[in-house]
Amino acid sequence: MPKSRIRKKADFTPPPAAKQATAIRLTNRSWVAPVMLALFLIGLAWIVIFYVTDGDLPVKSFGNLNIVVGFGFIAAGFGVSTQWK
């Protein structure tokens, strides 16, 4: 039985570029991680101080709303984390 002929393929040449590729400029987001961690830690510290001092220290007039303020800082940290790339 005869063998089939092997065809040689031409080397790939890329098509000429119609326009120059534009450089993608990424914004500098180096502030996101420190701000996010700071908000997490402030919220955690606020809640811990509230419990350790029996509600006297962060803001005594807030009462149990100090917990809401602490979780507000933590939620703000999660909000900032959406900007992290």
Side-chain angles (χ1 to χ4, degrees):
M1 179 160 222
K3 289 187 177 183
S4 63
R5 294 182 184 157
I6 298 174
R7 297 182 201 157
K8 182 170 178 154
K9 293 183 179 180
D11 292 333
F12 175 74
T13 55
K19 55 183 172 180
Q20 196 65 266
T22 58
I24 299 173
R25 184 169 183 253
L26 297 175
T27 58
N28 188 2
R29 304 267 173 130
S30 61
W31 58 272
V32 173
V35 171
M36 176 185 64
L37 292 176
L39 287 171
F40 286 155
L41 292 177
I42 290 170
L44 179 66
W46 192 288
I47 294 170
V48 168
I49 289 172
F50 173 72
Y51 278 115
V52 169
T53 62
D54 291 329
D56 288 337
L57 243 188
V59 179
K60 188 173 184 176
S61 63
F62 283 0
N64 285 336
L65 287 178
N66 281 308
I67 298 171
V68 175
V69 172
F71 279 114
F73 278 112
I74 294 171
F78 279 115
V80 170
S81 72
T82 61
Q83 300 298 316
W84 196 3
K85 288 189 179 187

*Is there a path from Val32 to Phe40 through hydrophobic residues (I, L, V, M, F, W, Y) whose side chains come within less than 4.5 Å of each other?*
yes

*Are Ile47 and Pro58 side-chain neighbours, meaning at least one heavy-atom pair lies under 4.5 Å?*
no

*From Leu37 atom CG to Ile42 atom CD1, the distance as rounded to the nearest 0.5 Å*: 11.0 Å

_Return the CH2 to CZ distance between Trp84 and Arg29, rounded to the nearest 0.5 Å._
13.0 Å

Show me the donor-acceptor pairs within less than 3.5 Å that the side chains of residues 64-81 make with the rest of the protein, sequence neighbours left out.
from  : atom 1 : to    : atom 2 : distance (Å)
Asn66 : OD1    : Trp46 : NE1    : 3.2
Asn66 : ND2    : Val59 : O      : 2.9
Asn66 : ND2    : Gly63 : O      : 3.0
Ser81 : OG     : Phe78 : O      : 2.6

_Atom of Trp31, atom of Pro34 and distance for their closest heavy-atom approach_ = O-CD, 3.4 Å

*Tell me, please, which residues at least two apart from Phe50 pass ring pair (Phe, Tyr, Trp, His ring centres under 6.0 Å).*
none

